[in-house]
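In what follows, chains are A, B, ... by sequence order, proteins preceding strands, each numbered from 1.
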Amino acid sequence: MNRVPMRDGYGKALLELCRLHDDVMVLDADVAKSTRTEWIRKEFPDKYINVGISEQDLVGTAAGLSLTGFVPFVSTYGVFLTGRGWGQIRNTVCYNKLNVKLGGAHAGISVGPDGATHQALEDIALMRAIPNMTVITPCDWWETYKATLAVYDIKGPSYVRFGRNPAPVITSEDTPFDLYKAAIFRDGRDVTLFANGLMVHEALTAADILEKEGISARVVNVRIVKPLDLDTICTCAAETGAAVVCEEHQIMGGLGGAICEALAQHHPIPVELVGIRDRFGESGKPDDLLKAYNLSAEDVVAAARKVMKRK
Amino acid sequence: MRHDLRDVCMQIRRDTVRSIYRAGSGHPGSSLSAVEIMATLYFTDIFTCFPDRPHAPERDRFVLSKGHAAPAFYSTLAHKGYFPLEWLDTLRTVGSPLQGHPNLQKLPCLDCAVGSLGQGLSIANGMALGLKRKGQTQQVFCLIGDGEQQEGQVWEAAAFAGQHHLDNVCLIVDCNGLQLVDSMAIIKDMEPMDAKWDSFGWHVLHVDGHDTDALYDAYGSAKARTDKPTVILAKTVKGKGVSYMENQAEWHGAAPDEAQYEQAMKELTTEVKA
């Protein structure tokens with residue numbers, strides 16, 4: 001399968017936004033090569049600002065730019081943007097509902113050898129808890145591209161999260177994309193595999209394996225974590241009666257938390273969670289880490305078998 | 001005296017104490033030290049603003065970074081005509097546009113709103129950069145506390161403004177010398193402030209923060225600078241105007257009781273007649 005880094009989709013979208021809109025500005029905290037904002041620095045130097053290694057100032061400066069009518073796209077590693085910049089994101093950007101677009105790069109454990117300090121595994125929880133925030137976790141580079149274009153049209157803050165390494169390309173330029181909808185990528189009757197980010201690919205692979213066992217698994221790409229597409233999620237819960245949620249994030253507070261909160265209130269069914277289980281990551285090759293931290297298709301299959309028994 | 005702001009400053013002080021007394025909470029000390037700093041902006045010709053068109057692109061900007069001085073800021077805006085004076089009595093109550101610390105969604109006439117210390121200068125820089133990019137010549141004023149300089153973000157922003165020669169930024173530091181628990185000198189002394197700001201590429205001015213003529217001249221000097229941002233180190237008295245609050249850290253964030261309120265109003269009345 002063809003593999004392309006999701007961050008390439010972010011850079012490609014920013015280039016396009018810079019061509020289309022005079023009001024777009026791209027802000028960086030000195031990681032342009034990592035986030036692909038390097039492409040903007042070269043092609044649109046007037047639209048690129050490197051504030052230096054200063055994440056709090058990064059978010060605050062973007063807030064000020066938004067108040068003079070610009071649409072700032074702000075990116076650095078997700079762990080630093082949402083961690084060091086959280087107070088600024090909450091109290092300045094979200095509380096005042098400013099039009100600031102956040103891009104969290106190097107998301108998940110698949111960042112790899114840099115180790116736990118650089119692996120954003122709590123960013124969704126941190127962003128999802130703040131009012132006025134829209135949170136998106138695309139599944140591949142095309143979706144990262146489309147999501148980055150789409151958030152330009154939101155009047156308010158957003159957080160798009162994307163990974164570092166070449167990731168399976170499971171959609172195409174022509175795949176339908178509605179930012180506010182969870183998308184059914186594969187139909188099935190017995191269990192729903194809700195997933196986002198890299199884990200959509202693992203869920204699709206898991207569905208293939210489950211089919212051979214006679215289990216019909218539905219795969220739903222929940223790229224928008226907030227606001228959650230309640231209609232699609234509850235319909236899937238009603239039609240399949242069991243679910244597994246798969247994400248490259250702590251099982252606390254991420255997509256798993258969001259779906260459990262929704263289902264517990266609207267349509268309770270058995271749910272199993274595939275994600276990082278309340279621990280830090282470590283250095284390693286991305287694929288080795290995904291296996292070691294139980295984020296492979298086999299782990300999704302095991303969770304599906306388990307949840308089926310609870311139906 | 002070129003601009004006689006004594007009456008309006010007295011009104012702002014009275015409003016500040018009254019609204020905090022009615023709310024039963026608030027930050028009188030930090031509000032009272034900043035009265036002249038804000039009044040000199042809003043009630044002279046130095047600061048271009050349009051209360052009937054608060055978002056007019058040709059306005060100068062003001063960012064209150066020490067958001068806990070909101071009572072004095074709200075009174076300043078109300079007297080300027082941004083909203084009815086009656087709103088001041090709703091401070092800190094459910095449904096009020098006047099939150100304990102300002103919010104843009106509830107009070108859209110603001111240029112910006114800050115509640116968490118240390119965040120305002122970055123926002124002011126972003127505004128200043130945005131205005132420059134648009135070819136606009138407006139000035140961005142930002143007010144922080146001296147203790148607020150203990151926040152690291154202030155220095156991230158200080159370096160940014162110096163690096164980008166943001167000559168359309170004027171920062172005012174309300175140097176009342178006291179913070180919540182004790183004096184700044186005892187907790188984490190930020191002196192020498194002038195050397196710090198100078199080394200970050202700023203034009204540094206010292207003024208008496210209760211002398212409206214001196215403030216006016218300093219603001220004019222900031223506007224005239226075309227090479228670097230300006231910081232005005234404004235020496236003030238925390239709790240200025242209410243005898244028992246002056247230079248007392250404990251009045252950083254406490255509401256007066258009824259007797260204290262009445263005494264404060266008596267003192268503030270006496271002074272306006274003098």
A:Lys155 atom NZ: more than 12 heavy-atom contacts under 6.0 Å
yes
Considering only heavy atoms, which portion of B:Glu151 lies under 4.5 Å from any heavy atom of chain A: side chain, backbone, both, or neither?
neither
Minimum heavy-atom separation for B:Ser122 to A:Asp57, with atom names?
OG-OD1, 2.5 Å
If you look at every heavy atom in A:Gly60 and B:Gln153, which pair is closest and at what distance?
CA-NE2, 4.4 Å
Tell me if the CZ atom of A:Phe280 is crowded by more than 12 foreign heavy atoms within 6.0 Å.
no
For the residue pair A:Ile49 and B:Phe160, establish whether any side-chain heavy-atom pair is separated by less than 4.5 Å.
yes
Any B:Val114 side-chain heavy atom under 4.5 Å of A:Asn96 side chain:
no
With a cut-off of 6.0 Å (strictly less than), are more than 12 heavy atoms of other residues, nucleotides or ligands near CG of A:Asp22?
no
Can you name the nearest heavy-atom pair linking B:Gln119 to A:Gly87, along with the distance?
NE2-O, 3.3 Å
Are there more than 12 heavy atoms of other residues, nucleotides or ligands under 6.0 Å from atom CE of A:Met252?
no
What one should report as the nearest heavy-atom pair of A:Asn91 and B:Ser116 is ND2-CB, 3.2 Å
Looking at OG1 of A:Thr68 and CD of B:Gln138, how far apart are the two atoms once the value is rounded to the nearest 0.5 Å?
11.0 Å
Between A:Lys97, A:Gln56, A:Arg90, which shows the greatest number of heavy-atom pairs under 4.5 Å with chain B?
A:Gln56
Please determine if B:Lys134 forms a cation-pi arrangement with A:Phe70, meaning its NZ or CZ atom is less than 6.0 Å from the six-membered ring centre and no more than 45° off the ring axis.
yes
Distance-minimising heavy-atom pair for A:Tyr95 and B:Lys106:
OH-CE, 4.4 Å
Name the region of B:Pro102, side chain, backbone, both or neither, that has any atom closer than 4.5 Å to a heavy atom of chain A.
backbone
CZ of A:Arg84: more than 12 outside heavy atoms within 6.0 angstrom?
no
Side chain to side chain, A:Met25 and B:Arg133, heavy atoms closer than 4.5 Å
yes
Bottom line for B:Ala113: the part with an atom under 4.5 Å from chain A's heavy atoms is both
Do you know which of B:Asn103, B:Ile123, B:Val63 has the most heavy-atom pairs under 4.5 Å to chain A?
B:Asn103
Nearest heavy-atom contact between B:Cys112 and A:Leu67 is CB-CD1, 3.8 Å
